[in-house]
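The figures that follow rest on heavy atoms only: side chains count, while hydrogens, waters and symmetry mates do not. This structure is a prediction, so every number in the text was calculated from the model and none was measured. Proteins get letters first, then strands, A, B, ... in listed order; numbering begins at 1 in each.
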Amino acid sequence: MAQKPSIPKGTRDFGPAEMVKRNYIFDTIKNVFKTFGYQPIETPAMENLSTLMGKYGEEGDKLLFKMLNSGDFLAKADANLLAERNSSKITNQISEKGLRYDLTVPFARFVVQHRNDIQFPFKRYQIQNVWRADKPQKGRYREFHQCDVDVIGSNSLLNEVELIQIIDKVFEKLNINVVVKMNNRKILAGIAETIGQPDKIIDITVAIDKLDKIGLDKVNDELLAKGLPQEAVDQLQPILNLSGTNTKKLEQIKEVLKDSEVGVKGVEEMETVFDWLTPLNVKTEIELDLTLARGLNYYTGAIFEVKALDMQIGSITGGGRYDDLTGVFGMPDVSGVGISFGADRIYDVMEQLDLYPKESSATTQLLFVNFGKMEQAWCLPVLSQLRDAGISCEIYPQAAKMKKQMTYANARKIPFVALVGENEMASGQITLKDMEKGEQANLTVGELINKLK
RNA sequence: GUGGAUGUAGUUCAGUUGGUUAGAACGCUGGUUUGUGGUACCAGAGGUCGCCGGUUCGACCCCGGUCUUCCACCCCA
């Protein structure tokens, strides 16, 4: 019995029409990366779980796709743990590999492993797919592509500025209206410190991250529920109510955080970034958003998030600075900063907003109708000549009915069809039909090449 | 992971208070036109009504489970 074919939840096939659009996105992003001097690398789809685990927080660990060990994996597992049926405890005994969750952690691993071959600061880009065992929704897939750019081995804030320029350039080219939201983990740490709750930084950031979604009252409720004392929540209020320009906000927050060393450092970093950015004529709106937190555990400085202005979807790009990601792999004190463009969400935005440039999705410019063996033999050398001239062309592989061949050309959106039968072979003049206009002309091979080139 | 919805031809959707042959449009195939597509006309193919089980004389319809897709939460690209 034939089974109905299907693919796993949250994964997708891409047909030719989709690939044309996806490649357009990848190429655009890649070209921008190159103009800023970044170099490509690739890493394996699977990593050792020890590389991946613990880097993304508790939530992240749960979302890792883990691969069963090869062979008789149960034989090596602890019998008592098996009897307990405790999945989380047994996991590391039966699985030691997993699919990568992002490109940043594998990159850190790559840097440590190849440190002797790398010229620092190392600017690399990496465009590959990643996997998350998330529950799929619109704009959320289990397999998706990230386009990462990172600089590692430099703590200059110029890198942050450069990343913003890259964001600006990419979305300008893709014609998507976006806002870049920025914050700094040091400011968040300073806030937690200032209100006397440095240990609660995670709870605080997670709660205030929801400010624009659930409102001030509910954020306060959540903070209290997480065990923050009322007075700490009260102290937080002026921070949550900040408004005005980025400069204004920074001035105010600087005053509030003046007793916190990290806090002041964070504010100064942001001031520098905005300062350097000012003369650069970046068109994208940059907004200091003190409620931006981002979950990934490894961020320590600036954090970025890019939202599309004309469509409701999660962030389409995100990233930040990580001061010690390589430290866990035995290479301390190497700071990096990077961002990741979410190609699949960018695709969704462009699809919904119909932002693709009007370019022909045809892969073939010219189709030769196949009239039979003789005509076919006559055409093949012509096809070779055309291809040498850089014209993409094909001949219908069998002498099917003319209608069928024309229908094929039409469906493939092939703009020109060449007809070569008895008359054409005798005269050496090929009948060329313009499929859009419906006009026909008789041309020599030379004329044909000139017309289509 | 929690909660809610969804699933009928290739596609978008009708439909049946549970009753025998399940419909439309578009698409597809063939013909009108064996050297001319996108228009028109004619004909035709295509569905075990997501899957498994239960209730029933009888289930596409009711019930349970399961999977898919979608929505909210969570988190994030």
Shortest side-chain distance from A/Gln137, nucleotide among B/A77, B/U69, B/C73: B/C73
Whole-Å distance between B/G38 C1' and A/Asp434 CG? 13 Å
A/Glu305 vs A/Lys135, nearer the 5' end of RNA chain B by closest nucleotide: A/Lys135
To the nearest angstrom, how far is A/Arg140 atom CZ from B/G1 atom P? 13 Å
Figure out the CD/P separation between A/Glu439 and B/G38, and round it to whole Å. 18 Å
What is the pairing partner of B/C73, taking Watson-Crick or G-U wobble pairs with both distances under 3.5 Å in any strand? B/G1
Would you mind telling me which of B/C76, B/C75, B/C71 lies closest to the side-chain atoms of A/Glu59? B/C75
Under 4.0 Å, heavy atoms only, any strand: does A/Tyr141 hit a base, just the sugar-phosphate, or nothing? base
How far, in whole Å, is B/U2 from B/C61 if one measures between their P atoms? 27 Å
Assign A/Gln405 to base, sugar-phosphate, or nothing according to its heavy-atom contacts below 4.0 angstrom with the strands shown. nothing
So if I take every side-chain heavy atom of A/Glu424 and compare against B/A77, B/G35, B/G37, which nucleotide ends up nearest? B/G35
For the C1' atoms, the ones on B/G10 and on B/G53, what distance do you get once it is rounded to whole angstrom? 30 Å
So is the aromatic ring of A/Tyr408 stacked onto the base of B/G37, judging by whether the centres are under 5.5 Å apart and the planes are under 30° apart? no
Within the pair A/Lys307 and B/A77, is there a side-chain N or O less than 4.0 Å away from OP1 or OP2? no
When the aromatic ring centroids of A/Phe33 and A/Phe341 are compared, is their separation below 6.0 Å? yes
Of the listed nucleotides (B/G31, B/C75, B/G35), which one gets closest to any side-chain atom of A/Leu419? B/G35
C1' gap between B/U66 and B/C73, integer Å: 24 Å
Salt bridge A/Glu394-A/Arg412, side-chain N to carboxylate O under 4.0 Å: yes
Suppose you measure atom C1' in B/U12 against the same atom in B/G47; what distance do you get, rounded to whole Å? 16 Å
In plain terms, say whether A/Arg12 and A/Asp344 are close enough for a salt bridge, that is, a side-chain N and a carboxylate O under 4.0 Å apart. yes
Check every atom of B/U36, B/G30, B/C70 against the side chain of A/Lys138 and return the nucleotide holding the closest atom. B/C70
Are A/Glu269 and A/Arg321 ion-paired here, with the side-chain N under 4.0 Å from a carboxylate O? no
Taking atom C1' in both B/A72 and B/C13, compute the distance separating them and give it to the nearest angstrom. 26 Å
Identity of whatever pairs with B/C60 - Watson-Crick or G-U, under 3.5 angstrom: none
Which whole-number value in Å describes the distance from A/Asp344 CG to B/A77 P? 13 Å
Hey, which of these two, A/Lys62 or A/Phe144, hits RNA chain B nearer its 5' end, going by closest nucleotide? A/Lys62
Residue A/Thr431, side-chain atoms from C-beta onward, closest of B/G37, B/G35, B/C74: B/G35
Between atom NZ in A/Lys404 and atom P in B/U29, what is the gap in whole Å? 6 Å
Identity of whatever pairs with B/A40 - Watson-Crick or G-U, under 3.5 angstrom: B/U32
To the nearest angstrom, how far is A/Asp61 atom CG from B/C75 atom P? 15 Å
I need the CG-C1' distance between A/Leu292 and B/C75, as an integer number of Å. 14 Å
Donor-acceptor pairs under 3.5 angstrom involving side-chain atoms of residues 145-154 of chain A: please list them, not counting sequence neighbours.
from	atom 1	to	atom 2	distance (Å)
A/His145	ND1	A/Arg22	NH2	3.2
A/Asp148	OD1	A/Ser340	OG	2.7
A/Asp148	OD2	A/Thr104	OG1	3.3
A/Asp150	OD1	A/Arg124	NH2	2.4
A/Asp150	OD2	A/Tyr322	OH	2.5
A/Ser154	OG	A/Ser156	N	3.3
A/Ser154	OG	A/Asn159	ND2	2.7

Minimum-distance nucleotide (side-chain atoms of A/Leu63 versus B/C75, B/U32, B/U36): B/C75
Would you say A/Arg142's side chain and A/Trp131's backbone share a donor-acceptor pair under 3.5 angstrom? no
Looking at B/A25, which nucleotide sits across from it as a Watson-Crick or G-U wobble partner, both distances under 3.5 angstrom, or is there none? B/U11
Using OP1 and OP2 only, check whether a side-chain N or O of A/Lys9 sits under 4.0 Å from B/U68. yes
Side chain of A/Phe371, heavy atoms from C-beta onward: which of B/G35, B/A77, B/U36 has the nearest atom to it? B/G35
Atom CD1 of A/Ile346 and atom CD1 of A/Ile25: how far apart are they, to the nearest 0.5 Å? 6.5 Å
Nucleotide B/U34, atom P - distance to CD of A/Glu375 in whole Å: 17 Å
Could you work out the separation of B/C71 and B/U29 based on their C1' atoms and round it to a whole Å? 40 Å
Where the side chain of A/Arg132 is concerned, which of B/C76, B/C75, B/G35 is the nearest nucleotide? B/C76
